Amino acid sequence: MTYHPKSEFMRVMIERGFLADCTDYQALDEAFVQGIVPAYIGFDATAKSLHVGSLIQIMMLRWLQKSGGKPIVLMGGGTTKIGDPTGRADERPLLTPAMIDDNIAGIKRAFAPYIRFGTGPQDAVMVNNAEWLDALNYIEFLRDIGRHFSVNRMLSFDSVKTRLEREQSLSFLEFNYMILQAYDFLELNRRYGCALQMGGSDQWGNIVNGVDLTRRVVGAEVFGLTSPLLTTSDGKKMGKSQGGAVWLNADMLSPYEFWQFWRNTTDADVGRFLKLYTELPVEECDRLGALQGSDINTAKVALANAVTTLLHGAEAAVAAEATAREVFEKGGVGDDLPTLTLRAEEVADGITVAQLFVRAGLAATGKDAKRLITEGGARVNDDIVLDAGQRYGAGELVEPLKLTAGKKRHALVVLG
């Protein structure tokens, strides 16, 4: 990137690695210099919490607000009824309106630590696209909005082309998704003066559609900006761990487990993640990321503490680090470890060690648990277990059991 920005927002996006592409760098930069730019990112309500795969977008909204913009959080109450086909080989299972509303209520909680909501010029607003999509008159919509879309062009987008090349079904319902997302931008421009849509680089086609539609229908100058699709240096998709999704809501993933996810970052990713997920100065991120050997662990702890503090608060970060130190350095059980509480009737006939690892969230499936055990990566009270069928009853649970997967992931099992 050779462009030298004038605005703080564009400088942050470039310096910290948030920027993959933009429809017009200089004009958007100029817009931020001239005044408050309202910008949105859409989040579909497919689960009761967002996971760390969405954290890069949430951080973009945070920096937007800190550098003079107005964040618009768009909840996809309408579009979730269809499901975004981008990056998927099959159709998403359809959710009922009640399930979608329930998911939105859960997702809302993830934004409060990062951005300020209110009625001021730069205060964030949360909007649900069901407000306008649910009330659409189909014929009018096709006539007024559909005529601006070329089917030839829609067929050229990767989300469509990939499915067709693999001869996998793409329903007409899903095919409409990109039109509805473009319409969201138009509506947000009309209602809130929204001038920028942001998203991951897999959304580039959908975002460009929205920019084109808004310019055609209301003649407004609007922009699109995408962030890189983030994978770890070993090629894994951001947001997943061995135990499943790394959720942002504390009732779905404990602050300790969240802290531990960041503490386990691969050496090669530390500097990049510090820039994206913390607010430490860029120079400090570079310094920490360049540490070698065992010193890189200092950087990983700094990363885990900074990210956990932003989401769960400083106390949670301090407690997580203290628990980790007790577990790793002293071999203790730690007060803050994730805990699986079993009822006496559940272990009346005993429960296998494989089931314990799955129930405690240290393995995604029974198959994963068995593989972990046979490869010698499972420990109970620090002793290696090699028999996936080994059973534990009430007698063995008089004292808490400490489960360990690999070297760094732990959980307790207690009888409740």
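Owing to the predicted nature of the structure, the values given are computational and were not obtained by experimental measurement.
In this structure, the side chains of Lys402 and Val380 stay at 4.5 Å or more apart for every pair of heavy atoms. A heavy-atom distance below 4.5 Å is found between the side chains of Leu303 and Thr265. Here the side chains of Phe261 and Val307 are not in contact, with every heavy-atom distance at 4.5 Å or above. The closest side-chain heavy-atom distance from Arg359 to Ile351 is below 4.5 Å.
The shortest non-hydrogen separation linking Leu403 to Ala360 is CD1-CB, 3.9 Å. When all heavy atoms of Thr23 and Val222 are compared, the pair lying nearest together is OG1-O, 4.5 Å. Residue Ala369 comes nearest to Phe357 through the heavy atom pair CB-CB, 4.3 Å, listed as atom of the first residue, atom of the second, then distance. When all heavy atoms are compared, the tightest approach of Ala39 to Leu61 is O-CD2, 4.3 Å. Gln65 and Ala124 make their closest contact through NE2-N, 3.5 Å (heavy atoms, listed as atom of the first residue, atom of the second, distance). When all heavy atoms of Trp204 and Gly224 are compared, the pair lying nearest together is CZ3-O, 4.2 Å.
No more than 12 heavy atoms of other residues, nucleotides or ligands shown are found within 6.0 angstrom of CD on Glu315. Counting non-hydrogen atoms of neighbouring residues, nucleotides and ligands closer than 6.0 angstrom, the NZ atom of Lys370 reaches no more than 12 such neighbours. More than 12 non-hydrogen atoms from other residues, nucleotides or ligands lie less than 6.0 angstrom from CD of Glu345.
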### Task
Go through the steps for Met198 and Phe18 under the test side-chain contact (heavy atoms from CB on, under 4.5 Å), then give the verdict.
CA-CA 11 Å; Met198 301 187 290; Phe18 285 101; over 6 Å; no
### Query
Would Arg16 and Cys285 satisfy side-chain contact (heavy atoms from CB on, under 4.5 Å), going step by step from the backbone distance to the final call?
CA-CA 9 Å; Arg16 301 189 78 96; Cys285 296; 3.9 Å; yes
### Message
Go through it in stages, so that I can follow the logic: the residues are Glu279 and Lys66, the test is salt bridge (Lys or Arg N to Asp or Glu O under 4.0 Å), and I'd like the CA-CA distance, side-chain angles, deciding distance and then a yes or no.
### Response
CA-CA 11 Å; Glu279 293 178 328; Lys66 285 168 71 81; 3.6 Å; yes
### Task
I would like to know whether Lys48 and Ile107 meet side-chain contact (heavy atoms from CB on, under 4.5 Å); could you show each step before the answer?
CA-CA 6 Å; Lys48 290 184 180 178; Ile107 288 170; over 6 Å; no
### Query
Can you list the steps and then say if Phe43 with Leu74 is a side-chain contact (heavy atoms from CB on, under 4.5 Å)?
CA-CA 6 Å; Phe43 300 86; Leu74 181 68; over 6 Å; no
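Salt bridge annotation for Glu15-Lys275: absent, with no cationic side-chain nitrogen under 4.0 angstrom from a carboxylate oxygen. Arg287 and Glu283 are not joined by a salt bridge, as no carboxylate oxygen comes within less than 4.0 angstrom of a charged side-chain nitrogen. Residues Lys6 and Asp29 are not paired through a salt bridge, judged by the lack of any N-O separation under 4.0 Å between the basic side chain and the carboxylate.
In this structure, the side chain of Asn189 engages the main chain of Cys194 through a donor-acceptor pair within 3.5 Å. Thr96 places a side-chain N or O within donor-acceptor distance of the main-chain N or O of Met99, the cut-off being under 3.5 Å. A distance-only check finds no donor-acceptor pair linking the side chain of Gln390 to the backbone of Val353 [under 3.5 Å]. Between the side chain of Asp44 and the main chain of Thr46, no donor-acceptor pair closer than 3.5 Å is present. A donor-acceptor contact shorter than 3.5 Å links the side chain of Gln292 to the backbone of Ala290. Judged by distance alone, with hydrogens and angles left aside, the side-chain atoms of Arg409 form a donor-acceptor pair with the main-chain N or O of Leu362 at under 3.5 Å.
Atom OG1 in Thr323 sits 11.0 Å away from atom NE2 in His410 (nearest 0.5 Å). Distance CG/Asn249 to NE2/His51: 12.0 Å, rounded to 0.5 Å. Atom CD of Gln260 sits about 11.0 Å away from atom CD of Glu321, to the nearest 0.5 Å. Here NE2 of His312 is found 10.5 Å from OG1 of Thr309. Values are rounded to the nearest 0.5 Å.
Aromatic pair Tyr40/Phe185: ring centres closer than 6.0 Å. Two rings, from Trp247 and Phe258, have their centers 6.0 Å or more apart.
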